[in-house]
Each structure stands twice: as C-alpha cells, then as structure tokens.
Amino acid sequence: MQIVYSPTTSPASLSLLRAARLGFSSSLSRATATSLVSASHSSSPSLIKYRSLSSFPSFRSVRPWSHGGDWRSPLSLRAQIRSAAPVIERFQRKVATMASENPFKGIFTSLPKPGGGEFGKYYSLPDLNDPRIDKLPYTIKILLESAIRNCDNFQVTKADVEKIIDWENSSPKQVEIPFKTARVLLQDFTGVPAVVDLACMRDAMNRLGGDSNKINPLVPVDLVIDHSVQVDVARHVNAVQANMDLEFQRNKERFAFLKWGSTAFHNMLVVPPGSGIVHQVNLEYLGRVVFNTDGILYPDSVVGTDSHTTMIDGLGVAGWGVGGIEAEAAMLGQPMSMVLPGVVGFKLSGKLHNGVTATDLVLTVTQMLRKHGVVGKFVEFYGQGMAELSLADRATIANMSPEYGATMGFFPVDHVTLQYLKLTGRSDETVAMIEAYLRAIKMFVDYNEPQLERVYSSYLELDLESVEPCVSGPKRPHDRVPLKDMKADWHSCLDNKVGFKGFGVPKEEQEKVTKFSFHGQQAELKHGSVVIAAITSCTNTSNPSVMLGAGLVAKKACELGLEVKPWIKTSLAPGSGVVTKYLLQSGLDKYLNQQGFHIVGYGCTTCIGNSGELDESVGSAISDNDIIAAAVLSGNRNFEGRVHPLTRANYLASPPLVVAYALAGTVNIDFEKEPIGTGKDGKSIYFRDIWPSNEEIAEVVQSCVLPNMFKSTYEAITKGNPMWNSLSVPSASLYAWDPNSTYIHEPPYFKDMTMHPPGPHGVKDAYCLLNFGDSITTDHISPAGSIHKDSPAAKYLLDRGVDRKDFNSYGSRRGNDEVMARGTFANIRIVNKFLNGEVGPKTIHIPTGEKLYVFDAAMRYKAAGEATIVLAGAEYGSGSSRDWAAKGPMLLGVKAVISKSFERIHRSNLVGMGIIPLCFKPGQDADALGLTGHERFTIDLPSKVSEIRPGQDVVVTTDTGKFFTCTLRFDTEVELAYFDHGGILPYVIRNLIKQ
C-alpha cells in the first residue's frame, strides 16, 4: 500500500550478502531465513510490516498519490489502521521480541512530554557514557544512531557500532559500515526506469519460480513528477496551462505507467505533474526531520535518485544522491554498504554584505570546496555565521553539494530550522517533538549555549563579509567569476583556445554583429548576446529572498522604462505553488510578467535542458553566423550542451541577476561602469539603479511569505489535478508490456538469468570504444536534452512512425532501453580523442578505421563478439546522477572504464551494472602512459570473487607490450558481491528467491 510510511532500517533484516562475506550464509536454515525476513521491514523494533496490510479494503481505497488524512503527516491514517488491529497486535508482539534482541536495549528509553505523557521511545546516545560520541560530527551521529537502533549482531554488529563511535581513528582507514535510509526519493526521469526495473524484476521472479510480490518497496518511496515539463510556450499569460497540456500529450504513457506503479507497488507515493520541483517539495512537505512511527523516534534520512537530494541537508535531514540502481536495492530492503566518510568542518562567520545573495554565497562555497577536495566526504557547516543564514539560504548551499563534490553539505538543526518548520505548516506539537528528541540525543544546536568543539577530518573557514556578487561559467558550475570581472573574463574566454574557459574566436571576429528580422522587428545578435534568461531550478526557486529580489529588480526596471528584448526567451519556473502565492501577495508578479518572466510551469525546465526551442529566426541567426550565444539561468548545472544546443556560453546566476542580464541583453557588460539601458526619460540606467537592498527584500519576505500558503498548496497537491486524475490504469500486479511502445519497454537485463551467479569476469583483448579527457559528465554519457534529428535514437523513433515533433527528450524516454542505448554517448558536444579535435557523438571503429556513431560502432563490436572499454581522464561521470550513464554503456558492451578519477555516484552505478571501474595510479593517465586507444586491452581478474579485494592493484596489459597498474575501484565487500552476481539487481532477485 502506497501511503502508509514504514521506517527503513531493519534490526533483523536478512542480508545474505553480509552472511556470505562472513562465510555462513549457506548454513542458514530456511526456517531461520523465513523468521528473519518476516521481521525485516522496519527500521525500529516496534514497526509493523505495512505491506501486509494492503489486502484490507480500507487501505486500498486511499489514493496512491495522496498522503490522506492530515495534510501534513504521511502517518495520519489511524482510522484505517484500526481495521487491521489483529495483524498489528501480532507484529507488536514480534516487536517486543526484536527489541529484546538489541544489545543496546539498555539505552532504549522514553522521551517525556512537558505536560505529561511521552512523545515516544528512543535510543539514547548520551546514555552510552562514551566521551568520544560528544565530539563526533552531527552527520556521523546520525549514522551511529541508525546502527545502534538496528544492531542485531547479524546485519549490524556491535563491531560496526564501535567503528562509528571510533570515527576519528577508523575513518582514515576507509572502513565499511552498513546503513539503511529512512526513505527513498525519486523524480520522474529516474523514477520511470526504477519502476520499469521493478516491473521487470517481478517478471524475472516469475520466470525463476519465485513470488513476484516480493518485489515491493520496503521503505517509503516518494516520487515527484517534475522533470517532464518543457518551456514550449514562454512570455504568455497562459504558458503554465499550455505547457502542461503539451506535457501530458507527450508523456501520457509515462504518467499512466507511474500511476500504475503507485497502485501496483506498496509504500509508494507519487506527486503528480504540476506540483513542484522534487527537492522543494521535499523541503517544504515531505521532510520529517524526525520520524515518530508507532512511538519510536529516530532521525529522518533519505537517499534520492537525483544528485541534488542534498538540498534536504539544509533542514538537518541527512540526504544524498545515489544511483537509480542503488536506490532500487534500497527500496527492496538491501543495506547500503558505505565507506565511513571523512567530514570537513566548514566554519562560517560574519554576515553577507548588502546586495549579496545566497546564490553568490553558494557559488563561492562551491569554488572553495572544489579546491579543497571533498569528493566522497561529508561537509558540515558550523559557526556563528550560521545564525545569519535563513533556512532557504542553507538549503541553497546544501543543494549544490554535487557541484562541490561532497556526499552531503549538512546544516544541523537549530532554532532557524524550527522556525522554518512552523512557517511551512508543521504543527507546534511536531516541532516540539523534534526539538525535544534532538536535544535528548544531543543533536540540537543552541547558539545561546557554549558550543563543544567537534572533531573534523579537515577544516575550512569563510567570512561571509568576503562574499561578493558573482556568476559561474561559461561551462562549469565551479568556474566562479566575480561580477566586477565579468566583462574582462568574457573577453578572455573569446580569446582562449577552446576549453572550459575558452571559445577560440579570432580577434577580427569578436565584434561582429548579426542582424535579423524577429517577427517583423529589427533585431541583432553578437557574441555574448543573451538568448535565454531563465529563473529556474530547485537551487534558487525555494528561496523567497532571491525570488522576491528578482521581482523587485523587474519592478524597478519597469518604473524606469527598461524592457527585455522580445527575442530573448525569458521564463519563470517555480519549485512549488507557494512561490506563485507570495509573488501574487507582493504584487511583483505583474512586473515579472511585464518583463516576459511569466510562469511557464512547476518543474526543472531550463536547468535540465528542457528549455524548449528558440524562435526559428533566433536559432538561424546563431547557427548561420556561428554566434557564441549566452544563456543565463538560476540553475546549478551549466555543462556544455545541457541548457540548449545553441547556447555555448551558459552562466549560473541568482534570480535577480538573471533579470538584470536579460535587461542588458548581453553578458559582455561591466555592470559597475556601463549602463544596462536607456530609461523612458532618455537617461542611462545602471545596475545600481535597479538593484534592491537587503532591507527592501527582507521587508517583502516578512510581509508576503505566510504559513497558510504552504498549507493550502500541499492540501491541493494531495488532490491531484484533472488531467492526472483522469488517467486510467490497469490494476494488475504484473505490467503488460507493449512491444510497440517507444516510451516503456521491457529491458533485457534478466533475459538469460539463472539462479547461479555468473561469477567475476576479467576483460580479454578489448577494443577502446571511446578515448576521453577530463570532466566527461553524465550529460555527455547519457543526455537528458533533445534528441538530435540525425542521431541513432532519432532513426529508431522515425522507423517506428514517431514524427520529429513528437521525439520529446531523452529524459522522457528513459523507460525505453532501445532509445537510451542509442542515446548513450550521443551528446553533440562530446569530445573524443579519436576524432582529433572534431566534436560530436562519433568514434573510430578500430578494426576498420571507419568513423561511426558510437552506438553503431558498439553494435559492430558486439556482433563480432568483441569486448570494449572506455579510457577517461579526471572526474569521469560528474554531474547529475543518472543510472542510464551506467546502464547505457553496459548495453553497448562496455566491460570496464579506466579513468583518473570517478564521480562518486557514477562509480557506484557502474558497479551496480557489472562494469569494472579502474583508476590510473596518481600522476598517470592514458597520455602519460603513451596509450593511443588503438591498443587491445586485457584486464586479468581472479575467477573467484573470494580472491578479489576491494581497492587492490590490477595489471592491465595491451597487445603492443605495454602494461600498467590500476586501482580496482570496487570499494567494499558488498560491491564485490554485486560484481559476482553480474550486478546489484540480479543479486537482489536471487536472494529474494532464496528467502
């Protein structure tokens, strides 16, 4: 059943993997396994196995996308639960037994309410009386509480607990710990393939003689549909409805599939299209901070299939991005095995200057942390400067954790957090419970009390007064440019050779002007002309100060007579309906509309490449004259080719700056010295004339952002919308695959699967499919934007009668493996060394020397029975978490990736799909070793998984006689078990059948 939330981690959950690695899984009797499984689906000793209640009519009648009952609480379904009382009583008796088995039962105690009674029971960390715990970072204490609560000396052992308590000494040793998250968060781009995989796994269970109903989420799963809306219609008062109509036309099949999933799978909530951006909905509505389930209190935690899941860290909830493949395993009750991370302490002091925004701050923090090196680490913020940051500002900083490379950017709960919880409609009793519990386990920060100095792995400090207005670009989010230096930086980018900070435009061509007709009006473009200006993205649209700041810039510009040029595609895509309400309340919406920033929809839009088409006249002017056109967006990603194929320069900026650059019409401007435009009285208008003060913004925020806005918005969300509610879906538990569908297709992962694991595999005489340099992102590997008209994916769709206008985006077709395999490495801006400087999605087929699309070359190799590898530089797989960036290469026949370094989530995804990740030794790469990529590569691995160690050295030999040593990036014993099974999903299926 979909809407009753059971907690996550399991004190008695069966993990055959850990048993296998300990060497005794084979001795478990079927009776023992059954008893363990029956108690496996709760994260605290007293939690019931809610999925067994789905047979009761009172549960089935609740709509799968609705929380039901109290608008605020997903747990308020007491009336329905009463009808299942006998079942619950049996589980409560089991609970009592489970609690007695926990070796830490002595610290299981009651949390009293101030007026009498109790909030619930909890595991009291202070009662351990271990001085090491007091010095632990807050993030590590969350891992510790989970381990203690779930300790059964089987799946979670006392030794695991001791590793975490001794974090200061054990973390540098890269020790492995088990962790189960409280819940899983999905968006539709990653959610569709996840539900496809679950449906496909049910079929596989059937074929292998297992019970397909075992394939069900065992933890709460929230899926928010926010990635499908495109900016087809902009600068129009009816843009929201027009774009939603088109969204449903294009995605009706996908949406119906997700709606089927919400009824077919238990414990899954689907938030319909048009509701908001997943991370803002998580922040304002889904985040619990503290779970209270059947009287057991424990910290909220979440893993999500979107890398910006970290935004919830700003609320004091431990959350981070994982691959879709990992998330699917977590849904099915598998433990997350993780290396106990180092924690960087980031001290904040001082206060932001007038005119400096949270966006300026996060771009500064991103650059600092990138330089420091925080990949695979937690970052924890502390210091007196915290008191100067609103919750929304904190969430902005936490949101961009993937851009600075950290697993989390965490802000512990304090009074600011509690104020935000009340503002967003959480009840006073809930907030009181959260504060009391976190104080009891010493995880609440009270800046009125002396602060205990905590131990961190390394330290950074930032004086907020040193932050200055800035943007980032033109091709990477960590390439920060102070606003005062922007003009000079732009000119150096034109001069520099093609690269992350260069376009290689000859001097004599830098000032050229292209004139064209825009719907009968004379228009012109130059290098640096802004053609897209988008207020978009979860990073900023959840922050009232920058959103209302943008409204104030628009208001001042209107009053002074400035106007955005009509050929600039302007848009505003809020992260929730709350934004619309406070813009209306403030009266600033009319000024944004006047400047062309009409609301276009509630979703990610431009930030993920759903920019829609540029006007044909603008597109032709850019293409025909080779103009370096610019996009300015309040997003978090600006990798080349992501925002729009025709905008080669893409800058991240705060919403007010987006409006300012739209008014200027170019990024080639010094805002301090040059006017933005001419006012209605003929006077020059400067940046300072339209920029609001912090006091002006604060006054509007105070008067216009109100608690009832949040309550009414999320009450409406639970009711759906007419288009969603009218979707008709079958009720069968097995999905009826349509072989003619170009959106949803049964993938081949389990086609020839047997009950016997295939065992580990090496690679013999593999060809190199692609030879890359540094910073190949998931946008390059698995594009989310438009499907190019000449691509293999386009040919596949055209062959099946899909008109070009109906191609939709790659992201919207992630449920079809045929499209996605053809879209793998299909980014039109990808740089492959084999092509000697030519940019595009092609490669050299080594045996023949032919230049082919990557997909076509891969199919040639597969047809000939030849394995392939990929060579890469540093930061391979950075960017958004995309399971297709691993699934696609696997379907193309890639057996291994050898790189200088991997982005954390992408490496995990490769492991999950059975691809071997290898890292060159420090100081080495393909060029340094004299590798051209034309060699044939052999990677020798033992045939028994027991003979492989995480992180061991592996020798790679070539047919030219060269050989080199790499580090095998299977980082944990768990990952080796996945490799033994051919991937994480086959591993899960086999274990569930054994149970």
Side-chain angles (χ1 to χ4, degrees), residues 15-26 174 176 204 208 323 325-326 329 334-339 748-769 861-862 865-871 886-887 889-899 902 906-920 936-958 963-991 993-994:
S15 169
L16 292 182
L17 166 67
R18 286 178 69 80
R21 301 309 295 181
L22 292 168
F24 58 79
S25 71
S26 59
Q174 296 285 290
E176 176 188 353
L208 292 171
I325 304 143
E326 261 187 305
Q334 295 303 307
M336 285 182 60
S337 181
M338 60 187 290
V339 173
Y749 311 136
F750 315 115
K751 191 176 178 184
D752 300 315
M753 181 179 166
T754 67
M755 280 301 294
H756 303 290
H761 63 82
V763 178
K764 184 168 177 58
D765 289 333
Y767 285 102
C768 180
L769 180 64
Y861 286 124
K862 283 189 81 170
E866 305 287 2
T868 55
I869 65 155
V870 170
L871 292 175
K887 289 176 178 175
M890 185 275 286
L891 291 175
L892 295 186
V894 173
K895 302 300 182 186
V897 178
I898 309 175
S899 75
F902 292 95
H906 184 62
R907 186 204 61 81
S908 168
N909 274 345
L910 291 174
V911 171
M913 292 311 296
I915 294 175
I916 303 168
L918 295 169
C919 276
F920 291 110
R936 299 187 73 171
F937 297 82
T938 295
I939 302 165
D940 280 321
L941 285 177
S943 58
K944 293 182 180 177
V945 74
S946 58
E947 297 174 6
I948 305 175
R949 299 185 318 279
Q952 76 175 51
D953 283 351
V954 172
V955 175
V956 182
T957 59
T958 71
F963 62 91
F964 53 98
T965 302
C966 291
T967 302
L968 181 66
R969 287 299 310 277
F970 294 126
D971 290 354
T972 65
E973 298 284 347
V974 175
E975 291 184 344
L976 283 173
Y978 294 157
F979 184 53
D980 186 43
H981 279 258
I984 192 170
L985 300 182
Y987 162 80
V988 170
I989 290 174
R990 290 188 182 101
N991 281 350
I993 290 175
K994 286 177 185 175

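A quick note: this is a predicted structure, and the numbers were derived from the prediction, not measured.
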## Note on the structure
Smallest heavy-atom separation, Ala896 atom then Val894 atom, equals O-CG1, 3.5 Å

### Query
How long is the span from the CG atom in Asn909 to the NZ atom in Lys887, to the nearest 0.5 Å?
8.5 Å

### Query
Is any side-chain heavy atom of Thr965 closer than 4.5 Å to a side-chain heavy atom of Phe920?
no

### Summary
Taken to the nearest 0.5 Å, the spacing of Ile939 CD1 from Asp765 CG works out to 11.5 Å

### Query
If you measure from CZ on Phe970 to CG on Asp980, what distance do you get to the nearest 0.5 Å?
10.5 Å

Side-chain donor-acceptor pairs under 3.5 Å in residues 949-958, sequence neighbours left out?
{"from": "Gln952", "atom 1": "OE1", "to": "Arg949", "atom 2": "N", "distance (Å)": "2.8"}
{"from": "Asp953", "atom 1": "OD1", "to": "Lys921", "atom 2": "NZ", "distance (Å)": "2.6"}
{"from": "Thr958", "atom 1": "OG1", "to": "Thr960", "atom 2": "N", "distance (Å)": "3.3"}
{"from": "Thr958", "atom 1": "OG1", "to": "Thr960", "atom 2": "OG1", "distance (Å)": "2.8"}
{"from": "Thr958", "atom 1": "OG1", "to": "Lys962", "atom 2": "N", "distance (Å)": "3.2"}
{"from": "Thr958", "atom 1": "OG1", "to": "Lys962", "atom 2": "O", "distance (Å)": "3.0"}

### Message
Testing the basics here: between Gly914 and His761, what is the closest heavy-atom pair and its distance to 0.1 Å?
### Response
O-NE2, 3.3 Å

### Task
Could I get the full list of side chain to side chain donor-acceptor pair (under 3.5 Å) partners for Arg969, not counting sequence neighbours?
Asp971

### Pairing residues for Asp752 by the salt bridge (Lys or Arg N to Asp or Glu O under 4.0 Å) criterion, not counting sequence neighbours
none

### Task
Heavy atoms only: give me the nearest Tyr861-Cys768 pair and the separation to one decimal.
OH-O, 4.3 Å

### Query
Can you name the closest pair of heavy atoms from Cys966 and Ile898 and give their distance?
SG-CG2, 3.8 Å

### Query
Rounded to the nearest 0.5 Å, how far apart are CG of Leu941 and CG of Leu968?
6.0 Å

### Task
Supply the atom-to-atom distance Leu871 CG to Ile869 CD1, rounded to the nearest 0.5 angstrom.
4.5 Å

### Task
Identify, with sequence neighbours excluded, every residue that meets side chain to side chain donor-acceptor pair (under 3.5 Å) alongside Ser908.
Glu326

### Query
Should Ile915 and Val897 count as side-chain neighbours, where that means a heavy-atom distance under 4.5 Å?
yes

### Message
Salt bridge or not between Arg907 and Glu975? Use side-chain N to carboxylate O under 4.0 Å.
### Response
yes

### Message
Test of understanding: with side chain to side chain contact (heavy atoms under 4.5 Å, CB included), list the residues that count as partners of Lys944, not counting sequence neighbours.
### Response
Ser946, Glu947

### Task
Test Cys919 against Phe902 for side-chain contact (heavy atoms from CB on, under 4.5 Å), laying out the working first.
CA-CA 8 Å; Cys919 276; Phe902 292 95; 3.7 Å; yes

#### Entry: side chain to side chain contact (heavy atoms under 4.5 Å, CB included) involving Pro986 - partner list, sequence neighbours excluded
Phe750, Met753, Arg990

### Query
Checking Lys862 side chain against Leu891 main chain: does a donor-acceptor pair fall under 3.5 Å?
yes

### Chi angles and distances behind the side-chain contact (heavy atoms from CB on, under 4.5 Å) call for Glu176, Met338
CA-CA 6 Å; Glu176 176 188 353; Met338 60 187 290; over 6 Å; no

### Task
Output the distance between atom OG1 (Thr868) and atom CG (Leu769), rounded to the nearest 0.5 Å.
5.0 Å

### Task
Decide side-chain contact (heavy atoms from CB on, under 4.5 Å) for Lys764 and Phe937; before the verdict, give the C-alpha distance in whole Å, the side-chain angles of both, and the deciding distance to 0.1 Å.
CA-CA 7 Å; Lys764 184 168 177 58; Phe937 297 82; over 6 Å; no

### Message
Do Ser337 and Thr972 make a side-chain contact, defined as non-hydrogen atoms from C-beta onward lying under 4.5 Å apart?
### Response
yes

### Task
Identify the two heavy atoms, one from Pro760 and one from Pro942, that lie closest to each other, and give their separation to 0.1 Å.
CG-O, 3.6 Å

### Any Met913 side-chain heavy atom under 4.5 Å of Ile325 side chain
yes

